[in-house]
Amino acid sequence: MAQGSRQIQSQAQQQVQTLSPQQILVVKLLELPAVELEDRIHAELLENPALEEGKEENATDEYSDADSVADGMENDANDYDSLSDYLTEDDIPDYKLQENNRSKDDQAENIPFSDTTSFYEILKEQLRERNLTEHQSDLVEYLIGSLDDDGLLRKSLESICDELAIYAGIESTEEELEEALCVLHDFDPAGIGARSLQECLLIQICRKKDEEKEPNPILGLEERVIRDCYEEFTRKHWEKIIKKLDIDEETFKEVISEITKLNPRPGASLGEAIGRNLQQIIPDFIVETYDDGTINISLNNRNVPELRMSRDFTEMVEEHTKNKANQSKESKEAMMFLKQKMDAAQGFIDAIKQRQNTLMTTMQAIVDLQRPFFLEGDESLLKPMILKDVAERTGLDISTISRVSNSKYVQTNFGIYQLKFFFVDGYTTEDGEEMSVREIRKILKECIDSEDKKKPLTDDELADILKEKGYPIARRTVAKYRQQLNIPVARLRK
């Protein structure tokens, strides 16, 4: 007689990393630029009556009886937790968001504004027009924030899944992210959110096919070139493609001509197409450099209100505490409500403090690492620097540095820059010398600008010139940097 199968239960320990609500609040505040932080604080002031705007002149005198109130609470831990965290002199004093480390003599000059609109904002506007669930909107918005400047998505969905769980407290699956990515692929311009150049071009071709009223054989051939002959296309092996597709040379030229009209960097083109002076960008930091070599860093919080615990709330707590012996069930529930609001208010103030400290620590590290640039304003003085360098200097996590630098701007004596501007790739020579890629690109552009346009320099010739100037890089590296500068090959520069 066959013996039935048995189910065996077992226990296993598993380490899972989770963030507390307070940590999630800190992360979310850290991502906000100056203008959005101001809106977030005003929203919190409206939502939480235990938090108020303004400066208290004599916080110590007004709350001198706080200790006695706290003592009265300690004997009744079963009813509610001690409120001494909110009523001691250490926790109630005003918290001023404004930084006092201003310049030596003068206030900073009027802050200029940038004259272009971030493509992230345009994509978020399109997101708001979609009929999605809150969870789907959160996923699409996170994907938008994960795009590179060219509009492509170079992070894996698996890593984004982990980031969502750890930093945003959002549980999702790769399948849900795939669906959210399909929604993003439908945004304008076509190609946004593609995970590779091949996918970017295919999305644009498919969009063109959908918009065509009648079948277009050229579009079908474009799709076949990119989908089935992509490697040959990138290597410009035209004869192999013609043979593989079994088409004549004239038709092939027409197909290639149409493919070259596609946009490999949809994010960059969206920024250009949006026009000028549509959005003001307020810098989050002000870095002032003086003739004696002193560099002063301050946070730009001119329009951010000061925060403190509400006096009305603390007075209500005092009243409830004095009458503790005769409290009804309703009074105890009211006391718990007051405690929850005060807990949230103190948590918000602490999160703002931590945000300010993290921002200042990160900006100080960037200034220290890129000090020559902040003194001279010369882009070629920027040293190779990656997120890891700043993380090691500050003792913060790389993801924290990434969040600080992703949407923040700094005003310097030489203009306004996005923090990401200061993160520069490095090139290491055979001798182990590390050079700034941006410096090499600048020299390369100068060489091409000064070349004889009737006989433009080839990549080999550019490599030789750069080697003479002290930049020993290979021809293929020259070609890569030339492409990053959007400069065509020599024969197309005649």
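All values below come from the heavy atoms of this structure, side chains included, with hydrogens, waters and symmetry mates left out.
A salt bridge links E44 with R40: the distance from a Lys NZ or Arg NE/NH1/NH2 to an Asp or Glu carboxylate oxygen falls below 4.0 Å. Note on D148 versus K420: no salt bridge recorded, every NZ/NE/NH1/NH2 to OD/OE distance being 4.0 Å or above. Between E258 and K261 a salt bridge is recorded (basic side-chain N to carboxylate O distance below 4.0 Å). Ionic pairing of D228 and K244 is not present here: no N-O contact between side-chain nitrogen and carboxylate oxygen is shorter than 4.0 angstrom.
For the pair K208/E222, a side-chain contact is recorded, criterion being any heavy-atom separation below 4.5 Å from C-beta on. At least one side-chain heavy atom of I366 sits under 4.5 Å from a side-chain heavy atom of M385. L359 places a side-chain heavy atom less than 4.5 Å from the side chain of V404. Under the 4.5 Å side-chain criterion, counting only non-hydrogen atoms from C-beta, R130 is not in contact with Q136.
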Would you mind writing out the side-chain donor-acceptor pairs for residues 177-185 within the sub-3.5 Å range, not counting sequence neighbours?
| residue | atom | partner | partner atom | Å |
| --- | --- | --- | --- | --- |
| E178 | OE2 | R195 | NH1 | 3.4 |
| E178 | OE2 | R195 | NH2 | 3.0 |
| H185 | NE2 | G193 | O | 3.0 |

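In summary, of the residues considered (L262, L197, I226), a side chain to side chain contact (heavy atoms under 4.5 Å, CB included) with L202 occurs for I226 alone.
Checked by atom type, the side-chain pair T458/D460 shows no donor-acceptor distance below 3.5 Å.
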Next on the checklist: I'd like to know whether F374 forms a ring pair (Phe, Tyr, Trp, His ring centres under 6.0 Å) with F422, so could you lay out the CA-CA distance, the side-chain angles of the two residues, the decisive distance to 0.1 Å, and finally the verdict.
Outcome noted: CA-CA 10 Å; F374 286 98; F422 301 104; 5.0 Å; yes

Checklist entry - Where do Q364 and D368 land on the side chain to side chain donor-acceptor pair (under 3.5 Å) test, with the steps shown first? => result CA-CA 6 Å; Q364 183 66 59; D368 290 342; 3.0 Å; yes

Next on the checklist: Checking R207 against D188 for the salt bridge (charged side-chain N to carboxylate O under 4.0 Å, His left out) test, could you report, in this order, the C-alpha distance in whole Å, the side-chain angles of both residues, the deciding distance, and whether it holds?
Outcome noted: CA-CA 10 Å; R207 181 79 63 89; D188 291 323; 2.7 Å; yes

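Here the straight-line distance linking atom OG of S298 with atom CE of M360 works out to 7.0 Å at 0.5 Å rounding.
The ring pair (Phe, Tyr, Trp, His ring centres under 6.0 Å) pairs that include a residue from residues 213-242 are W238-F252, where partners are two or more places apart or lie in different chains.
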